[in-house]
Amino acid sequence: AQTVTQSQPEMSVQEAETVTLSCTYDTSESDYYLFWYKQPPSRQMILVIRQEAYKQQNATENRFSVNFQKAAKSFSLKISDSQLGDAAMYFCAYRKSTYMEYGNKLVFGAGTILRVKS
Amino acid sequence: KAGVTQTPRYLIKTRGQQVTLSCSPISGHRSVSWYQQTPGQGLQFLFEYFSETQRNKGNFPGRFSGRQFSNSRSEMNVSTLELGDSALYLCASSLEFSPIAPTYNEQFFGPGTRLTVL
C-alpha cells in the first residue's frame with residue numbers, strides 16, 4: 001500500500017521569507033500524481049500544486065514550487081515570499097495515475113502546520 | 001459556478017444513532033469521493049462514487065455506507081455511531097467523462113460536515 005510521510009508537524013516562517021515543507025512517499029508504481037493541499041482554519045481544502053511523476057520538470061505555481069526527486073521518493077514544497085495568508089495546514093497527497101482501476105483515491109500525509117510571523 | 005456543497009455543516013449525535021451526510025458536487029461533475037478527517041488518524045479515504053456506482057472503497061467498517069443519485073449528489077450514512085466517528089467529513093468532486101478517462105481532473109473539496117458523537 002502507498003504511504004505518505006510528512007515528518008514536520010509544525011513549521012514557522014517570517015513574512016516575506018522562504019520555507020520548505022518536506023514529504024516522502026512509498027510506492028511501487030512508476031506513474032502517479034503528487035499534490036500539495038492547503039487547509040486553512042476554514043477547513044476548506046485547496047489544491048496548491050500538482051506534479052505528474054512522469055514529468056522530470058518540477059511544477060511551479062507563482063510563489064509555490066516543488067522539488068520532486070523520484071528516485072528518492074521525495075516531494076518538498078517551497079513557499080517563497082511567505083504571506084500571512086499562507087498560514088494553514090499543508091497536506092502532501094498521492095494518487096495512482098490509472099483512474100480506471102483506482103479512481104480518485106488520495107492518500108494523504110499527516111500534515112504540517114505552517115505559521116507565518118509578521 | 002457554485003462549489004461543492006455539504007449539508008449539514010455541523011451535526012451532534014449520540015452513540016448508537018445513525019446519521020446521513022449529503023454532498024452536492026459541482027455541476028457536471030460525476031465523481032464524488034468522501035474522506036474522514038480526525039486528529040488521530042488524519043485524512044482517510046472512505047469511498048468514491050461515479051455514475052451511481054461505487055468505484056473504490058477505503059478500510060472502514062460496514063457501518064459506513066454511501067450512495068450516489070442520478071444527479072450525482074451523494075450521501076454517506078453511518079449507522080450505530082461510536083465516539084470515534086467524531087470527525088470532519090469531507091467530500092470532493094471531479095469532472096470525469098468516463099470510467100477510463102486517462103487524463104487528470106482536479107478534485108474540488110467541499111467545506112465539510114463536522115460530526116460530533118456524544
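Since the structure is predicted, the reported quantities are computational estimates derived from the model, not experimental observations. Numbered from 1 within each chain, the chains take letters A, B, ... in sequence-line order. All heavy atoms count here, side chains included; hydrogens, waters and symmetry mates do not.
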Evaluate the side chain to side chain contact (heavy atoms under 4.5 Å, CB included) criterion for residues A:R43 and B:R114: first the C-alpha distance (whole Å), next the side-chain angles of each, then the deciding distance (0.1 Å), finally the verdict. CA-CA 10 Å; A:R43 297 299 188 183; B:R114 171 74 66 185; 3.6 Å; yes
Looking only at the side chains, is there a donor atom on one of B:S31 and A:N104 sitting less than 3.5 Å from an acceptor on the other? yes
Is the CD atom of A:Q56 crowded by more than 12 outside heavy atoms at less than 6.0 Å? no
Does any backbone or side-chain atom of B:Q37 lie under 4.5 Å from a heavy atom of chain A? Answer side chain, backbone, both or neither. side chain
B:L90 portion near chain A, given a 4.5 angstrom heavy-atom threshold: side chain
Kindly check if the number of other-residue, nucleotide or ligand heavy atoms within 6.0 Å of CD (B:E52) is above 12? yes
Chain A contact via B:L88 - side chain, backbone, both or neither, heavy atoms under 4.5 Å: side chain
Is B:F108 in contact with chain A via its backbone, its side chain, both, or neither, using a 4.5 Å heavy-atom distance? neither
More than 12 non-hydrogen atoms from neighbouring residues, nucleotides or ligands closer than 6.0 Å to CZ on B:R9, yes or no? yes
Quick one: what part of A:E52 sits under 4.5 Å from any heavy atom of chain B, side chain, backbone, both or neither? neither
A quick test of your reading: do over 12 heavy atoms of other residues, nucleotides or ligands sit less than 6.0 Å from CG of B:N71? yes
Closest approach of A:L106 to B:F109 (non-hydrogen atoms, all atoms of both residues): CD1-CZ, 4.0 Å
Side chain, backbone, both or neither: which part of B:Q107 has a heavy atom under 4.5 Å from chain A? both
Give a yes or no on this: more than 12 heavy atoms of other residues, nucleotides or ligands lie within 6.0 Å of atom NZ of A:K78. no
